[in-house]
Amino acid sequence: MTQVDVLLGLQWGDEGKGKIVDVLSPQYDLIARFQGGPNAGHTLEFDGKKFVLNTIPSGIFNEKTMNLIGNGVVIDPIILKRELDNLQKAGHDPVAKGKLVIARKAHLILPTHQLLDAANEQKMGKDKIGSTLKGIGPTYMDKTGRNGLRVGDTTLPDFKERYNRLVEKHKEILSHYDFEYDLTEKEAAFFEAIDFIKNIPHVDSEHFVNGYLKEGKTVLAEGAQGTLLDVDFGSYPFVTSSNTTTAGACTGLGIAPNKVGSVYGIFKAYCTRVGGGPFPTELDDEVGETLRKVGHEFGATTGRARRCGWIDLPALKYAIMLNGVTELIMMKADVLDGFDTIYACTHYEHNGETIDYMPYDIITVKPTPVLKAIDGWKTDVTKVSKVEEIPAKLSEYIAFLEKELEVPIKYLSVGPDRVQTLVLN
Ligand code: GDP
Ligand code: IMO
Ligand code: MG
């Protein structure tokens, strides 16, 4: 029997998960998304083409790989249909090829979930979470509140009545906000998309994935967002509404913890965050601006400018512990090519103490990062294709991180394209 490998983000999302899942997908029979929804934007580049996936797993471009949208994912049928339409226009049709299945137990994002997300954010004003406005929070609230609609419900004869009942509830809540809306167009698009997704095979992800394992096939679980956005362990309340950690792969697919194999933790050579909330190493100056420009740090889903800062080792150690990371993957090393000196946060000064963990009151008392200066490599690494060509100073940075984090860095990414990936260990 095989095990499920897991690949997930160790920071605040956008680490480059899409690119690496695509790179690893030839090694796997099945790629399975386990949480989140179209708040995710996973970018892949190959053969001069670029794709951004929101709901569809990033194994879709590999001929032999099956892709599953798991029960832990929240699906917006309108967005899923649009993703598939766009892929079809680009000559890729995973549904026709039988390469995409969705879990019956995955919950549906309704147009009114998006309205609730927007109304709530508008009311919070400057204290808003900075959500992607895709309706993620309200959909997971209905899931845990036991009101939600699931993919499997779309085939029931009374689906429309169930939908209407939930929408009435939402309208009642919306009436308490000073928020105007018109549902007509969205509702029509929703039902059109519901008809469309009925053509994608519906499966029980727990049986589907365990069946793969029983047959000795290989499975990779693809995370969305990042560990520091986890609803339990992230910088609450500035988090998303799902468990983005390895545990989320168990509940989001229906696999037991002892079925988890390798855990790939992916991080950028620096750090970014989009939306509100604490970010100890944030650089609100021209260095941050340079990282944003060179790294093209603008959201793949919302286009918002990402906040940028130096790498945060206490945060990474925390993420490695929570996820049981067995191998690290470092992304976007090339973005640091031009710096004479780069910095790594090794500790925080917090309430008069030096600590190396993320404190509970991180929201109310901002920690001051303790930074270690590191020599830059001042070399264009985007064309480096062999380990021997890695500049010595970059190798030193990698060795320093491995020593601090106590986990080997297995892959190094030096550009957005599939081919700009090196195997280190
Ligand atoms: P994800 O959400 O974790 O899949 O990451 P995103 O797609 O939101 O953001 C990562 C961005 O960085 C995308 O625009 C990628 O094309 C790009 N990218 C990925 N790896 C590298 C890299 O090594 N170097 C550079 N310069 N860009 C990268
Ligand atoms: P990928 O998978 C980066 C952030 C939002 C906001 C918070 C809550 O591409 O890494 P939500 O819409 O989930 O209620 O927003 O989480 N966020 C992300 N940030 N990458 C993502 O996904 C994100 N998905 C949500 O910006 O701060
Ligand atoms: Mg992203």
Side-chain angles (χ1 to χ4, degrees), residues 7-23 33-46 49-55 57-58 73-74 76 109 113-114 116-118 120-121 128-141 222-231 234-242 244 266-279 291 293-307 329-337 380-382 384 411-422:
L7 182 141
L8 42 71
L10 298 182
Q11 295 162 324
W12 280 285
D14 304 327
E15 296 90 350
K17 298 175 289 293
K19 168 182 163 163
I20 294 297
V21 170
D22 173 60
V23 167
R33 266 281 303 268
F34 60 87
Q35 46 67 236
N39 46 350
H42 294 181
T43 315
L44 298 88
E45 289 191 35
F46 56 89
K49 283 175 286 184
K50 176 173 166 172
F51 296 92
V52 178
L53 300 173
N54 304 116
T55 326
S58 303
V73 177
V74 288
D76 182 330
I109 302 177
H113 282 129
Q114 273 179 21
L116 287 165
D117 200 357
N120 202 36
E121 286 283 83
K128 68 179 180 185
I129 303 296
S131 99
T132 58
L133 302 179
K134 303 293 179 200
I136 304 297
T139 307
Y140 278 114
M141 280 167 71
E222 172 179 357
Q225 291 77 56
T227 302
L228 305 176
L229 289 170
D230 181 278
V231 65
S235 46
Y236 193 89
F238 296 94
V239 293
T240 190
S241 297
S242 63
T244 57
I266 180 165
F267 66 100
K268 286 178 193 174
Y270 51 100
C271 208
T272 65
R273 171 163 209 173
V274 61
F279 182 0
L291 287 171
K293 253 200 217 131
V294 180
H296 304 290
E297 295 294 357
F298 296 90
T301 303
T302 58
R304 290 178 293 175
R306 293 175 184 151
R307 300 155 64 192
I329 302 176
M330 182 157 86
M331 309 299 288
K332 301 189 96 160
D334 55 298
V335 175
L336 302 180
D337 282 355
D380 176 359
V381 296
T382 56
V384 168
Y411 296 96
L412 174 70
S413 176
V414 293
D417 196 279
R418 223 183 228 178
V419 298
Q420 291 171 298
T421 315
L422 286 98

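Bear in mind the structure is a predicted one, so any value in this text is a computation, not a measurement. Whatever order the structure lists them in is the order used to number ligands and atoms, beginning at 1.
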Can you report which non-hydrogen protein atom sits closest to atom 23 (O) of ligand 1, along with the distance? S413 OG, 2.5 Å
One residue to check: D334. Relative to ligand 1, which of side chain, backbone, both or neither has a non-hydrogen atom less than 4.0 Å away? side chain
Full working for salt bridge (Lys or Arg N to Asp or Glu O under 4.0 Å) between D76 and K134: CA-CA 8 Å; D76 182 330; K134 303 293 179 200; over 6 Å; no
For atom 14 (O) of ligand 2, the protein heavy atom that lies nearest, with its residue and separation: S131 CB, 3.5 Å
Answer side chain, backbone, both or neither: which part of K17 comes under 4.0 Å from ligand 2, heavy atoms only. side chain
Using a heavy-atom cut-off of under 4.0 Å, does the side chain or the backbone of T302 touch ligand 2, or both, or neither? neither
Ligand 1-proximal atoms of I266, by part, heavy-atom distance under 4.0 Å: neither
Could you check atom 10 (C) of ligand 1 against the protein and tell me its nearest heavy-atom contact, residue, atom and distance included? D14 O, 3.7 Å
Under a heavy-atom criterion of less than 4.0 Å, does K19 contact ligand 1? yes
Could you list the atoms of ligand 2 found under 4.0 angstrom from a heavy atom of G275? 27 (O)
Nearest to atom 5 (C) of ligand 2, what protein heavy atom do you find, and at what distance? G130 O, 3.5 Å
Does an N or O anywhere in K50 fall below 3.5 Å from an N or O of ligand 1? no
One residue to check: F238. Relative to ligand 2, which of side chain, backbone, both or neither has a non-hydrogen atom less than 4.0 Å away? neither
For S131, which residues count as a side chain to side chain donor-acceptor pair (under 3.5 Å) partner, sequence neighbours excluded? D117
Counting non-hydrogen protein atoms only, what is the nearest one to atom 8 (C) of ligand 2? Give residue, atom name and distance. V239 O, 3.4 Å
Contact check: D117 vs ligand 2, nitrogen or oxygen atoms, below 3.5 angstrom: no
Check whether any N or O atom of S241, backbone or side chain, sits under 3.5 Å from an N or O atom of ligand 2, and answer yes or no. no
Name the closest protein heavy atom to atom 7 (O) of ligand 1, giving the residue it belongs to and the distance to 0.1 Å. T43 OG1, 2.5 Å
Return the closest protein heavy atom for atom 23 (C) of ligand 2 as residue, atom name and distance. Q225 CG, 3.6 Å
Nearest neighbour in protein (non-hydrogen) for atom 13 (O) of ligand 2: T240 OG1, 2.6 Å
So which bit of E45 gets within less than 4.0 Å of ligand 1, heavy atoms only: side chain, backbone, both or neither? side chain
My understanding is that we take every heavy atom of each candidate and find the minimum distance to atom 16 (O) of ligand 2. Doing that for V231, T272, L229, which one comes out nearest? L229
What N, O or S atom of D14 is found closest to the Mg ion (ligand 3)? OD1
Do any nitrogen or oxygen atoms of T132 lie less than 3.5 angstrom from nitrogen or oxygen atoms of ligand 2? yes
Side-chain donor-acceptor pair under 3.5 Å between E222 and S58, yes or no? yes
For ligand 1, is G415 a contact, meaning one of its heavy atoms is under 4.0 Å away? yes
How far is atom 20 (N) of ligand 2 from its nearest protein heavy atom, and which residue and atom is that? D14 OD1, 3.1 Å
For the OH atom on Y236, are there more than 12 heavy atoms of other groups (residues, nucleotides or ligands in this structure) within a distance under 6.0 Å? no
Just which atoms of ligand 2 are under 4.0 Å from any heavy atom in A224? 2 (O)
Tell me which protein heavy atom sits closest to atom 4 (O) of ligand 1, plus the residue, atom name and distance to 0.1 Å. G18 N, 2.9 Å
Please classify the R273 to ligand 2 contact at 4.0 Å (heavy-atom distances, strictly less than): side chain, backbone, both or neither. neither
Below 4.0 Å, non-hydrogen atoms only: which portion of E222 touches ligand 1? Side chain, backbone, both or neither. neither
Does only the side chain of H42 get under 4.0 Å from ligand 1, or the backbone, or both, or neither? Count heavy atoms. both
Closer than 4.0 angstrom: is that true for some heavy atom of R306 and an atom of ligand 1? yes
With a cut-off of 2.8 Å, does G41 put an N/O/S atom close enough to the Mg ion (ligand 3)? yes
Min N/O separation G13 to ligand 1 under 3.5 Å: no
I need the nearest protein heavy-atom contact for atom 27 (O) of ligand 2: residue, atom name and distance, please. V274 O, 3.1 Å
Can you pull out the closest protein heavy atom to atom 12 (O) of ligand 1? Residue, atom name and distance to 0.1 Å, please. K332 NZ, 3.0 Å
Does any N or O atom in G276 lie less than 3.5 angstrom from one in ligand 2, N or O only? no
What's the verdict on side-chain contact (heavy atoms from CB on, under 4.5 Å) for H42 and V21, showing C-alpha distance, side-chain angles and the deciding distance? CA-CA 10 Å; H42 294 181; V21 170; over 6 Å; no
Close-contact set for ligand 2 against I129 heavy atoms, below 4.0 Å: 8 (C), 27 (O)
Using a plain distance cutoff, I'd like to know if G41 has any nitrogen or oxygen under 3.5 Å from a nitrogen or oxygen of ligand 1. yes
